[in-house]
Amino acid sequence: MKKNIIAMNASIMIGLGSILAAPSVYAESISDLEKQKESIQEKRSGIESNISDTEKKIDSLQDKQMTAEDQIAAIEAEIAESAKKIDAKNAEITQTKKEIEALKEEIKVLKERIAKRNEVLKERALSFQETGGDVNYLEVLFGSSSFGDLVDRVGAVATIAEADRDILKQHELDKKDLEEKQKAVETKLASLEVAKAELLEIQKQQKQQKQEKDALVKKLKQQTEKHEHEKMGLEEEKANLAAQEKAIKSAISLEHQRLAELEAARKKAAAEAKKRAEQEAAQAAAQAASQAASQASESKKQSTSSGYSAKSNSSSSSSPASSNVSQAPAVSSGTFTRPSAGYVSSTMGERWNKQHAGIDIAASGTVPIVAAADGVVSRSYFSSSYGNVIFVTHSIGGQQWTTVYAHLSSRQASEGAVVAKGQQIGIMGNTGHSYGQHLHFELHKGPWNYSKSNAVNPLNYIPN
């Protein structure tokens with residue numbers, strides 16, 4: 001019984017037809033499977049290389065990101081230092097302005113002193129104008145009563161004249177000092193304002209550099225996320241190819257077992273036929289012609305009865321029974337059958353600015369999902385996008401196909417399981433990235449890949 005199941009599973013996987021077909025057909029099918037396995041291995045090797053390249057890109061982007069972040073930290077330190085210098089300059093400017101205010105008070109005092117000196121000088125000038133200047137001094141000198149008085153009067157005149165010169169000299173010094181102080185303070189203030197402006201410009205440039213570095217880090221992060229997403233997709237594709245390779249190896253092994261069993265059955269049948277012929281020949285030589293004819297007639301009846309019984313038993317034992325089959329669509333005669341009941345709610349093509357690589361079949365209630373063709377389950381797992389999903393690998397006429405059944409509420413076929421066309425493998429659901437209960441069904445002519453470049457429109461292959 002076990003050997004018959006193995007043989008049936010092998011024929012289900014590769015769709016080769018009757019167990020009595022010619023060995024050359026099977027050999028060709030095994031050769032096709034070997035070629036498919038080699039093709040998958042080559043693709044896996046290429047994907048591994050792509051993953052390695054993507055990892056290098058991610059490492060390079062992360063290095064650049066770290067360098068940019070270090071540069072941002074250095075720029076931020078420079079901005080902080082510039083801010084301290086600007087604060088220091090502001091403090092100096094504030095102090096200088098205070099000095100200017102103090103100087104204004106000094107200027108006010110100086111102006112008052114100058115104004116008083118001007119009054120004294122005016123009085124001297126007026127007196128000089130009214131008395132004729134030097135004549136006044138002569139009258140003072142000639143009006144002396146004695147030589148001692150003359151000496152005193154000369155000293156007094158000299159003192160007055162010296163006092164006038166001192167007033168004029170101090171007047172000039174005060175004016176010069178005032179001008180120098182004003183110039184010094186104005187120069188200092190202007191210098192501080194220039195220094196502050198330069199620091200503000202430096203700080204502006206530093207902030208601009210930081211903005212550029214921030215933008216660079218943001219761009220590097222986006223590129224890193226993009227490559228990490230690509231890497232995840234490539235790893236997903238690699239895992240699917242590994243599962244498909246495993247399924248192909250399983251199919252090859254099953255086919256070799258089936259061929260070995262077929263050869264053993266042929267040898268056994270030949271040996272039994274030879275033995276039976278020898279027995280019949282011996283009996284024919286020992287018995288009369290009438291007895292031989294009677295025995296031959298009886299043997300024919302027994303053989304017919306036995307054949308009918310075996311056929312009847314075989315037919316009844318092979319009848320599958322499933323309470324869910326009646327809820328699934330009838331199995332069609334084409335290469336692929338419809339995977340579930342319901343209506344097509346979304347077709348293959350552009351959707352939400354993305355490529356919808358399959359069709360959606362929607363229905364309510366408990367809806368069984370069936371295998372679209374004979375094959376081997378290459379993957380059965382939960383995906384963040386597909387939800388509960390089953391991948392089935394098929395080999396039909398030397399061509400590898402892959403069907404995908406996504407968003408299932410439950411999975412009823414595990415990896416490595418051999419499934420028949422129309423066999424239930426799950427229940428329609430709403431898991432993963434899904435909006436409402438439906439089956440997302442994809443058909444790929446070849447292995448599944450992340451870019452889904454092998455996807456074909458299922459509506460061109462299954463009954464509507």
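FYI, the numbering just counts along the sequence from 1. Just so it is clear, the model here is predicted, and its values are computed rather than measured.
Using modelled atom types, one side-chain atom of T224 and one backbone atom of L220 make a donor-acceptor pair closer than 3.5 Å. With Q437 contributing its side chain and G365 its backbone, the two residues share a donor-acceptor pair below 3.5 Å. Without hydrogens or angle criteria, S191 side chain to A195 main chain gives no donor-acceptor distance under 3.5 Å. Side-chain atoms of S380 never come within 3.5 Å of backbone atoms of I390 as a donor-acceptor pair (strictly under, hydrogens ignored). Panel note: side chain H438, backbone G436; a donor-acceptor pair is recorded below 3.5 Å. For N388 (side chain) and F382 (main-chain N/O), no donor-acceptor pair under 3.5 Å exists by modelled atom type. A side-chain donor-acceptor contact under 3.5 Å links T431 to the backbone of L408.
Using modelled atom types and a 3.5 Å distance limit, the side chains of S82 and Q206 yield a donor-acceptor pair. When only modelled atom types and interatomic distance are considered, S384 and H433 share no side-chain donor-acceptor pair under 3.5 Å.
The two atoms that bring D374 and K421 nearest to each other are OD1-N, 2.7 Å, heavy atoms only. In terms of heavy atoms, G422 sits closest to T337 at N-CG2, 4.2 Å. Listed here is the closest heavy atom pair of G446 and T402: O-OG1, 2.9 Å.
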Ring pair (Phe, Tyr, Trp, His ring centres under 6.0 Å) between H407 and Y405: does it pass, once the steps are laid out? CA-CA 7 Å; H407 308 313; Y405 312 79; over 10 Å; no
Let's go through K210 and I79 carefully: what are the C-alpha distance in whole Å and the side-chain angles of both, what is the deciding distance for side-chain contact (heavy atoms from CB on, under 4.5 Å) to 0.1 Å, and is it a yes or a no? CA-CA 9 Å; K210 183 179 180 298; I79 291 172; 4.1 Å; yes
Start with the C-alpha distance between E105 and E101, add both sets of side-chain angles, then the distance that settles side-chain contact (heavy atoms from CB on, under 4.5 Å), and finish with yes or no. CA-CA 7 Å; E105 292 298 322; E101 291 301 320; over 6 Å; no
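A side chain to side chain contact (heavy atoms under 4.5 Å, CB included) with Q65 is found for exactly one of K219, K221, K218, namely K221. Under the side-chain hydrogen bond (donor to acceptor under 3.5 Å, both in side chains) rule, K452 has a single partner from H356, E442, Q355, which is E442.
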Could you list the donor-acceptor pairs under 3.5 angstrom formed by side chains in residues 48-57, with sequence neighbours left out?
residue	atom	partner	partner atom	Å
N50	ND2	G46	O	3.4
T54	OG1	N50	O	2.7
E55	OE2	K231	NZ	3.2

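Applying the side chain to side chain contact (heavy atoms under 4.5 Å, CB included) test to Q423 and every residue at least two apart in sequence or in another chain returns V419, A420.
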